[in-house]
**Q** 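The structure follows.
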Amino acid sequence: MGENFESYTPQLLKNPLSYSDLVKKGVEFEVDNSHPNHARDLGLDSDSDYEDALDVDGEELRSPWTYSFDELRALMTEIDENIYKRITRTGHVDREAVPNKARVSVRYSGYWEGETTPFDSSLLRGTKFEFETGQGTVVEGLEAAVRSMRPYEQAEFIISYKLLFGELGCPPRIKPKADALFKVEVIDYSLIGDAKGIDAIPQEDRDKFYVVYPKAVDLHLHGKDSVKRGRYRSAATAFERAVSSLNYCRLANDEEERKQTELLITLNQNLMIVYNKMDKPKRACIMMKALRHLTLGNPSCKALFQEGRALAALGEYDLARNAYLQAQAKQPENKEISDEIISMNKRISKYEEASRDIWARALSLNNSKSDVRKTPAQLEKEAKEKDFNDKMEDLIRRFKNTSNQQVSFSRKSYSNAQFDTTCKLAKKHNLKLILSPIQEDVLTLSKPDVKFA
């Protein structure tokens, strides 16, 4: 029966532990669950084809060996005097063995001689195990075994106690001079670079491209590793320092210029991604300006996509849609881009509708309200008021054109609204409207030159 494995998320310790302390006096540790997997944040496909896996039953944890370690060594290949190896599944031939300064993910189980159940296993903890090579965070023998493997490879090792827990062991769990059998699978690894290497460059060499370039590559690798671990601020710092160091260099020939440009394009694209993750869209747009210069106005699909996200965050919806459309022209089959365009079109339509509504309310709020809320009775009343206004204004104009100096009429003949209208019309036409002090019902409309006794 072939081995099946479940896909797990790497687990980190809140504080690093030393294996020397573990062997000598023991340690307490706590798992840090605050860092999700961000491996796809840079838009890069994983080099691993085998991250997905199924569950493992108890039988898979049992040692398949019933021979003594001396008999097993005879069936294995000697790596050195302390490590023997047998490959059970070949790794990717186009990938190198796990190097120094790499973050490697493995699944493993360790067995003491003559025992069928593991004394330690990442499978028992329900997770793959991740560590950095060259940091001394795992026992020397296990790291040496992993360093001999390629991604996807499975192998079995017998490792001497000299590279494990030493002559004394850690009784009662670990016997003195205890060799161990390890079953190991290397899932994948990624280079982590050296974030501090560039600081070691002498001041007089910091403008020399051949000196700075390898350190800038290290910073780039460190930034990528930080992105995968969700540490965007650390990633931004690494990418920014790499860009600054490269821009400071003097170039000796066309080849150095080509290599500088290629790395600067990659760094600026990654900065756009990180700035968008950090909710700093303006900085992402600044990086796009640099990219347009570096690419002679022909940025990549990835850069255009990130520009679209930055512009959308700034509320520049039309410009964002234009960036997405340019990205789609480069990758017409990309579903993620198509989905963003559809989403942006909906957002623009909603924004335009909201804008129209705001302007309608600002410019014609009263009219819109009356158009919506007026009843037939209200409309009829308004029609009557308008009719009265027109008729009264016509009468006033006729009066002005006659030789009569004044005209009287009954106040009781008009409602309060009609009386107000008449007063406004009299004032409009420069006439006097006077209520008689003797006869309260009589209103007199007169021309300006009429004098009353």
Side-chain angles (χ1 to χ4, degrees), residues 39-47 92 94-96 99-103 189-228 232 234-276 283-310 323 326-332 334 337:
R40 296 184 60 85
D41 280 346
L42 287 181
L44 303 175
D45 294 331
S46 172
D47 292 324
H92 283 310
D94 58 342
R95 299 283 301 280
E96 298 294 329
N100 191 25
K101 294 183 181 178
R103 188 178 308 284
Y189 70 81
S190 61
L191 300 176
I192 60 175
D194 184 358
K196 299 180 180 179
I198 203 162
D199 297 327
I201 299 177
Q203 188 66 38
E204 62 271 17
D205 291 336
R206 294 194 175 187
D207 64 344
K208 297 175 181 176
F209 181 81
Y210 69 90
V211 176
V212 171
Y213 181 77
K215 304 303 181 183
V217 171
D218 264 348
L219 278 170
H220 174 228
L221 293 173
H222 178 76
K224 286 176 62 178
D225 181 67
S226 296
V227 170
K228 292 179 181 179
Y232 300 121
S234 175
T237 299
F239 293 146
E240 288 166 353
R241 294 190 67 197
V243 168
S244 178
S245 64
L246 287 172
N247 284 330
Y248 185 71
C249 288
R250 293 182 297 175
L251 304 175
N253 51 53
D254 291 343
E255 177 61 16
E256 287 189 353
E257 183 177 4
R258 181 190 65 79
K259 292 170 69 175
Q260 181 204 47
T261 300
E262 287 182 354
L263 186 53
L264 282 173
I265 289 173
T266 301
L267 289 166
N268 279 286
Q269 285 183 165
N270 289 347
L271 274 170
M272 289 186 73
I273 295 168
V274 171
Y275 285 147
N276 278 334
R283 290 193 181 184
C285 291
I286 293 173
M287 294 302 103
M288 189 58 170
K289 290 182 180 179
L291 278 172
R292 291 188 187 280
H293 174 73
L294 289 166
T295 61
L296 303 179
N298 187 29
S300 69
C301 175
K302 184 190 300 184
L304 289 165
F305 183 80
Q306 292 299 322
E307 182 186 34
R309 284 189 166 174
Q326 291 181 58
Q328 188 181 53
K330 292 178 179 289
Q331 291 187 13
N334 191 308
I337 297 174

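The model shown is predicted, which means the values in this text are computed figures rather than measured ones. The basis for the numbers below is simple: all heavy atoms, side chains too, and nothing from hydrogens, waters or symmetry mates.
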**Q** Find the distance between CD (Glu240) and CG (Leu267) and round it off to the nearest 0.5 Å.
**A** 10.5 Å
**Q** Is the CG atom of Asp254 crowded by more than 12 outside heavy atoms at less than 6.0 Å?
**A** no
**Q** When you look at Val211 and Arg206, which way does the side chain to side chain contact (heavy atoms under 4.5 Å, CB included) test go after all the steps?
**A** CA-CA 7 Å; Val211 176; Arg206 294 194 175 187; over 6 Å; no
**Q** Gly223 and Phe239: which non-hydrogen atoms are nearest, and at how many Å?
**A** C-CZ, 3.5 Å
**Q** Kindly list each side-chain donor-acceptor pair under 3.5 angstrom involving residues 195-205, sequence neighbours excluded, with atom names and distances?
**A**
| residue | atom | partner | partner atom | Å |
| --- | --- | --- | --- | --- |
| Asp199 | OD1 | Arg241 | NH2 | 2.4 |
| Asp205 | OD1 | Lys208 | NZ | 2.8 |

**Q** If you measure from NZ on Lys289 to CG on Leu291, what distance do you get to the nearest 0.5 Å?
**A** 13.0 Å
**Q** At what distance, to the nearest 0.5 angstrom, does CG of Leu251 lie from OH of Tyr213?
**A** 12.0 Å
**Q** Please name all residues satisfying salt bridge (charged side-chain N to carboxylate O under 4.0 Å, His left out) with Glu256, sequence neighbours left out, ordered by chain then number.
**A** none
**Q** What pair of heavy atoms forms the shortest contact from Leu219 to Ala242, and how long is it?
**A** CD1-N, 3.7 Å
**Q** What is the minimum heavy-atom distance between Cys301 and Lys330, and which atoms define it?
**A** N-CD, 3.7 Å
**Q** Which distance, rounded to the nearest 0.5 Å, do you find between the OH of Tyr189 and the CD of Glu96?
**A** 6.5 Å
**Q** What closest approach, in Å, do Phe209 and Lys259 show between heavy atoms, and which atom pair accounts for it?
**A** CZ-CB, 3.9 Å
**Q** Working to the nearest 0.5 Å, report the span between OG of Ser300 and CD of Gln326.
**A** 11.5 Å
**Q** Side chains of Gln269 and Pro299: closer than 4.5 Å at any heavy-atom pair?
**A** no
**Q** Using a strict threshold of under 4.0 Å (side-chain N to carboxylate O), is an ion pair present between Glu262 and Arg258?
**A** yes
**Q** Who pairs with Ser244 by side-chain contact (heavy atoms from CB on, under 4.5 Å), at least two apart in sequence or on another chain?
**A** none
**Q** For the pair Ile273 and Asn276, evaluate side chain to side chain contact (heavy atoms under 4.5 Å, CB included) and give the outcome as yes or no after the intermediate values.
**A** CA-CA 5 Å; Ile273 295 168; Asn276 278 334; 6.0 Å; no
**Q** Please determine whether side chain to side chain contact (heavy atoms under 4.5 Å, CB included) holds for the pair Ser245 and Lys215, giving the CA-CA distance in whole Å, both sets of side-chain angles, and the decisive distance to 0.1 Å.
**A** CA-CA 9 Å; Ser245 64; Lys215 304 303 181 183; over 6 Å; no
**Q** Please find the pair of heavy atoms, one from Ala327 and one from Phe305, that lie closest to each other, and give the distance.
**A** CB-N, 4.1 Å
**Q** Is there a donor-acceptor pair closer than 3.5 Å between any side-chain N or O of Asn268 and the backbone N or O of Leu264?
**A** yes
**Q** Scan Arg283, Lys302, Met287 and name whichever one has a side chain to side chain contact (heavy atoms under 4.5 Å, CB included) with Met272.
**A** Met287
**Q** How far does NZ of Lys101 sit from CG of Asp218, to the nearest 0.5 angstrom?
**A** 6.0 Å
**Q** Just by modelled atom types, is the Lys224 backbone N or O under 3.5 Å from a matching donor or acceptor in the Asn270 side chain?
**A** no
**Q** Grab the two heavy atoms, one from Ser190 and one from Asp225, that are nearest each other, plus how far apart they are.
**A** OG-OD1, 4.2 Å
